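Notes for the one structure printed next.
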Amino acid sequence: MENPATPVALLERWLSTALATDVAGWLGDRCATLASSDLAGDGARLLFTTYGLIARRVPRHDLAPDADALAAAARARPGWDPSRWTVDQAARARLLAALPARDAPALRAAIDRLAACADLHELIALHHALPLLPRPELWAARAAEGVRSNIKAVFDAVALDNPYPAEALDEVAWNQLALKALFVASPLHRIVGFDRRANPRLARMLCDYAHERWAAKRAISPELWRGVGPFADDAMLADLARALGEGDPRQRAGAALALRSSPHPGAAALLAQAGGVPNLPWTALA
Amino acid sequence: MHVIDPHIHMSARTTDDYEAMAAAGVVAVIEPAFWLGQPRTQVGTFQDYFASLIGWERFRAAQFGIRHYCTIGLNSKEANNEPLAEQVMELLPLFAAKEGVVAIGEIGYDDLTPAEDRFFRAQLELAKEVGLPVMIHTPHRDKTRGTSRSMDVCLEHGLLPHQVVVDHNNEETVKEVLDRGFWAAFTIYPKTKMGNERMVEVVRKYGPERIIVDSSADWGVSDPLAVPKTAKLMIERGIPTAQVTATCYANAIAAYGQSGQIRESDWLAPAAIDQRQLFSGNSVLRGQQPRIDA
């Protein structure tokens, strides 16, 4: 089997179709110059101006990659899902992927400055592109900052369809990401690596949150239970039993899915007692 | 009726204001970079302020179905701290070319000092360099002379009258501004300067060409519904609808549209990505009924 294409090669291929020839050429030239530039010198200015100018030269419509393109993306960068990207976001990712990796402090300083002066669409594109940046060890703090954003579109750009946080965030930051996704009603099933990064502390935080919602008589996302099942202790199992007994069929479906993922010896009995639980996948419970 | 408020400092306003503005038909706002009621002392606070104009405030407005644009500039009140102003001038090019920045402004004179003159001129050069129109703040004191001089200096730097919006006009300044071919904007203040009844008479006398109505609402006593209220009063007082649309909507698009950064399609037919990510409330697309509180 031939080697998979790199993310940069894929972006170039998609952009060559999506962009007018002169614009694609302009971007390609800028990327090539940036790649061999010195970020402590002229390179940073080239980055800032090109990143900004993309808004004026590259259209903001959906990239709309087909199934083959998405499969190639996942091969090139595991977890990378550009299905909801726009063409200008792809162009900005292409530019960021061209950043020279040699001088780590200058690279970090350039991205920090870019973020500090970014407009809304620039911020979203930057966070989308985190998994494609050089020196992946440098961007955990940036990802955590994106999770703290009060702008939902920025939060979603880090948290959803993005493999970087699961790879880079420590447990404290990861748990904040998961919990905040529930707070801002972003779907957990689009968080890459959610099941892999689930952990007992998160399970406890999720159950605490469920109790807050119950106390306030507010709806609970059925997806919440996804992070609870594998780590459920006796108290959490009681919470799952409560969710399983609720009137909302989606709530019951979520509790049932969680119980099926639970090694707790009481889980099977609970499932056996519950009748008529709809069999829905997590993706249907967002 | 759709209206635009092309001069309003939304960072100082509440979500109640945004809701009332959307309900009254405001589809877009322009927030000029200004001061915060007291002078800043650090260049970093300018950077964060400019970043909030193109970031957080834009997002906040979008949650209410209102499109937010801004102007970038060093205002005249803060031009008198020269060492700081020099640092701010170095910052401006980073922000002037951002998406949704429709002009350099608000700039001009306040006390008519040499420092104000220096940084006004430097920013006119920046406007030419980045291809943006200019929004002029005319002084509260010595207004007539300050307005004339602002226009003289713009011409001296090679700007064309149609590239410059002169704001905060009154009955004493409007004739010269229009005669010289500049855009004449009027700020409707609840108590001082231009009230909306006077505004109706200005439009009746001078017609709608190159006249723009705004609120300049900020952290002081001001009315974020000044534009829709003035539009309503104009219609009640018999100003033709086409003239109301021109002065409260279309002229602002024509003047600031010279930036290439504001188009009617931005709110009438927003890009798919904006609908997904930013305009979740999306009241604009539902074509809301105008509601104007008395």
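Note on naming: letters A, B, ... go to the chains in the order of the sequence lines (proteins, then strands), and numbering restarts at 1 for each one. All values derive from a computational prediction rather than experimental measurement.
Heavy-atom contacts from other residues, nucleotides or ligands closer than 6.0 Å to CZ of B:Arg40 number more than 12. Within a 6.0 Å radius of CG in A:Asp42, no more than 12 heavy atoms belonging to other residues, nucleotides or ligands are found.
Proximity to chain A is absent for every atom of B:Leu53, based on heavy atoms less than 4.5 angstrom apart. For A:Asp156, no part lies under 4.5 angstrom from a heavy atom of chain B. Residue B:Phe59 touches chain A through both its backbone and its side chain, counting heavy-atom pairs closer than 4.5 Å. Using a 4.5 Å cut-off between heavy atoms, A:Leu123 does not touch chain B at all.
Atom-to-atom distance recorded for A:Arg45:CZ and B:Leu94:CG is 8.0 Å, nearest 0.5 angstrom. In this structure, B:Glu99 CD and A:Ile54 CD1 are separated by 11.5 Å, a value rounded to the nearest 0.5 Å.
The candidate from A:Asn150, A:Ile124, A:Leu53, A:Thr49 with the greatest count of non-hydrogen atom pairs under 4.5 Å with chain B is A:Asn150. When each of B:Gly260, B:Ser52, B:Ala97 is checked for heavy-atom pairs under 4.5 Å with chain A, B:Ala97 comes out on top. Among A:His121, A:Arg56, A:His61, the residue making the largest number of heavy-atom pairs under 4.5 Å with chain B is A:Arg56. Your options are A:Pro59, A:Ala118, A:Ala157, A:Gly52, and the one with the most heavy-atom pairs under 4.5 Å with chain B is A:Ala118.
Shown here for B:Gln47 and A:Cys117, the closest heavy-atom pair between the two residues is CD-SG, 4.0 Å. The minimum heavy-atom distance between B:Ala51 and A:Ala116, with the atom names listed, is CB-O, 3.4 Å.
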